[in-house]
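Reviewing the structure listed below.
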2 protein chains.
Amino acid sequence: MTSGPTWTIAQIAEEFGVTHRTVRHYEDLGLISPERQGTRRIYHRRDRTRLGLILRGKRLGFPLEEIRTIVDLFDAPRGRRAQLEYVLGQIDERRADLEQRLRDAQDALRELDQFERRCRDDLEKLG
Amino acid sequence: MTSGPTWTIAQIAEEFGVTHRTVRHYEDLGLISPERQGTRRIYHRRDRTRLGLILRGKRLGFPLEEIRTIVDLFDAPRGRRAQLEYVLGQIDERRADLEQRLRDAQDALRELDQFERRCRDDLEKLG
DNA sequence: ATCGTGCTTTACGTTGACGTAAAGGTCAAC
DNA sequence: GTTGACCTTTACGTCAACGTAAAGCACGAT
């Protein structure tokens, strides 16, 4: 059925720079649902995509529960009109959050640049 | 000495949308050091500035300990050359972090827009 | 067949970031 | 002079996000 390359838990953990414990923790919270061959976990490309989304969400400071609602949104069935309208509403909320983060990062970078110039000025005055 | 408007802990907590417990917690970690009149805390403009920096750092997902090193950086004495060069090095590290957050937010927003277009397409197909 | 490697579950421990009483000081107002 | 509003410290509780054993299965290699 779902073919293509696969990975073990150790491989994707290594590749994404996290521990296997972290990956399983995300599974406990329902953020990833890898295939099983017997008892072993088998990860496909879509699992890697989701893990990438999760870690980016974490870097942006979102809690895992909120991240789950977001990644679930992308995989939601969205067949009926009501479902689509709900999803579009959620998108707007998330965008507002993300735009705030974007402004925060831009503001912080501007202040950092400004501060660096002051420091370089001070340094120059010292000869 | 340091004149100008002042605030109580309840006032700045209210204004910044956090609890007084949160503000005192930041003080415990050395992130803010309000003046004292007797036992009461008196907050000045610089405390408000720092609190603003702290909360923005939090929104961006930085841990409080790291935030402390950053805000301390801005108030550091930076008189000697060695100190200035250390500060400039720290600035570069922080900038790399912030630029990553900026890219994360931009990428996420792009994907969100793309996803929204797909949803609107689906909605249109439904009549 | 047993040894090592890599995986598994179960479960208690830890750290960060506060929440939440409990018990009390101060001061203006009634 | 006592009530009430607002502040204080001290200290235990909580929740998220994992860390860290402990104990055991599976399987290829020696």
Side-chain angles (χ1 to χ4, degrees), chain A residues 5-44 47-48 50-72 94 97 100-101 104, chain B residues 5-44 47-48 50-72 94 97 100-101 104:
Chain A
T6 63
W7 293 264
T8 71
I9 191 168
Q11 287 169 343
I12 66 160
E14 161 76 24
E15 187 175 342
F16 281 88
V18 296
T19 68
H20 58 291
R21 180 66 181 86
T22 297
V23 177
R24 284 207 314 277
H25 181 57
Y26 295 163
E27 182 176 350
D28 287 345
L29 297 186
L31 286 155
I32 321 180
S33 308
E35 188 197 341
R36 296 284 180 132
Q37 281 184 7
T39 154
R40 302 298 177 86
R41 293 171 173 84
I42 304 293
Y43 295 87
H44 294 262
D47 298 313
R48 291 163 46 90
R50 286 178 78 98
L51 185 51
L53 287 175
I54 294 163
L55 295 179
R56 190 178 66 193
K58 274 211 59 189
R59 285 196 301 274
L60 287 171
F62 292 102
L64 291 179
E65 278 297 330
E66 194 171 344
I67 293 176
R68 183 166 56 120
T69 73
I70 301 176
V71 293
D72 281 354
R94 300 311 158 190
D97 256 9
Q100 179 62 51
R101 302 299 198 279
D104 286 335
Chain B
T6 62
W7 293 265
T8 72
I9 191 167
Q11 286 168 343
I12 67 160
E14 161 76 23
E15 187 174 342
F16 282 88
V18 296
T19 68
H20 57 291
R21 180 65 181 86
T22 297
V23 177
R24 283 207 314 277
H25 181 57
Y26 295 163
E27 183 176 349
D28 286 344
L29 298 185
L31 286 154
I32 320 180
S33 307
E35 188 197 340
R36 296 285 180 130
Q37 282 183 8
T39 153
R40 303 297 177 87
R41 294 171 174 84
I42 304 292
Y43 295 86
H44 294 262
D47 299 312
R48 291 164 46 92
R50 287 178 77 100
L51 186 51
L53 287 175
I54 294 164
L55 295 179
R56 191 177 66 194
K58 275 212 59 189
R59 285 197 302 272
L60 287 170
F62 292 101
L64 291 178
E65 278 297 331
E66 194 170 343
I67 292 175
R68 182 167 56 121
T69 73
I70 301 177
V71 293
D72 281 354
R94 300 311 157 191
D97 256 10
Q100 178 64 51
R101 301 299 199 281
D104 286 335

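In what follows, chains carry the letters A, B, and so on, assigned in the order in which the sequence lines appear, proteins first and then strands, with residues in each chain numbered from 1. Just so it is clear, the structure is predicted and the values come from calculations on it, not from any experiment.
Annotation: side chain of Leu60(A) is not in contact with side chain of Asp97(A) (no heavy-atom distance under 4.5 Å). Proximity of Ile42(A) to Asp47(A): side-chain heavy atoms (C-beta onward) are nowhere separated by under 4.5 Å. Contact check for His20(B) versus Ile12(B): no side-chain heavy atoms found under the 4.5 Å cut-off. Between Arg101(A) and Arg101(B) there is no side-chain heavy-atom pair separated by less than 4.5 Å. Side-chain contact between Leu31(B) and Ile67(B) is present, with heavy atoms from C-beta onward closer than 4.5 Å.
First and last contacting nucleotides of DNA chain C toward chain A (any atom under 4.0 angstrom from a heavy atom, 5' to 3' order): dG6(C) to dA11(C).
A salt bridge (Lys or Arg N to Asp or Glu O under 4.0 Å) check over residues 7-25 of chain A, counting only residues at least two apart or in different chains, returns the pairs Glu15(A)-Arg48(A). Screening residues 62-71 of chain B for salt bridge (Lys or Arg N to Asp or Glu O under 4.0 Å), with sequence neighbours left out, gives Glu65(B)-Arg68(B), Glu66(B)-Arg94(B).
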Return the polar atom pairs (N/O with N/O) between nucleotides 22-25 of chain D and the protein under 3.5 Å, or none.
none

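The side-chain contact (heavy atoms from CB on, under 4.5 Å) search around Leu55(A) returns Phe16(A), Val18(A), Tyr26(A), Leu51(A), Arg59(A), not counting sequence neighbours. The side-chain contact (heavy atoms from CB on, under 4.5 Å) search around Ser33(A) returns none, not counting sequence neighbours. A search for side chain to side chain donor-acceptor pair (under 3.5 Å) contacts involving Glu27(B) returns Arg36(B), Arg41(B), not counting sequence neighbours. Thr69(B) meets the side chain to side chain donor-acceptor pair (under 3.5 Å) test with no other residue; sequence neighbours excluded.
Exactly one residue among Thr6(B), Thr8(B), Val23(B) makes a side chain to side chain contact (heavy atoms under 4.5 Å, CB included) with Tyr43(B). That residue is Val23(B).
Within a heavy-atom distance below 4.0 Å of DNA chain D, no residue of residues 53-66 of chain B is found. If you check residues 9-23 of chain A against DNA chain D, the residues with a heavy atom closer than 4.0 Å are Thr19(A), Arg21(A), Thr22(A), listed by number.
Taking atom CG of Leu29(A) as the reference point, atom P of dA17(D) lies 7 Å away to the nearest angstrom. With rounding to whole Å, Glu35(B) atom CD is found 16 Å from dC7(D) atom C1'. For the pair Glu27(B) CD and dT9(D) C1', the computed distance is 12 Å after rounding to whole Å. Regarding His25(B), its NE2 atom lies at a distance of 13 Å from the C1' atom of dT14(D), rounded to whole Å.
Between Arg50(B) and Asp72(B) there is a salt bridge, since at least one side-chain N of the basic residue sits less than 4.0 Å from a carboxylate O of the acidic one.
Among the atoms of the strands shown, only primed sugar atoms or phosphate atoms (P, OP1, OP2) are found under 4.0 Å from some heavy atom of Arg41(B).
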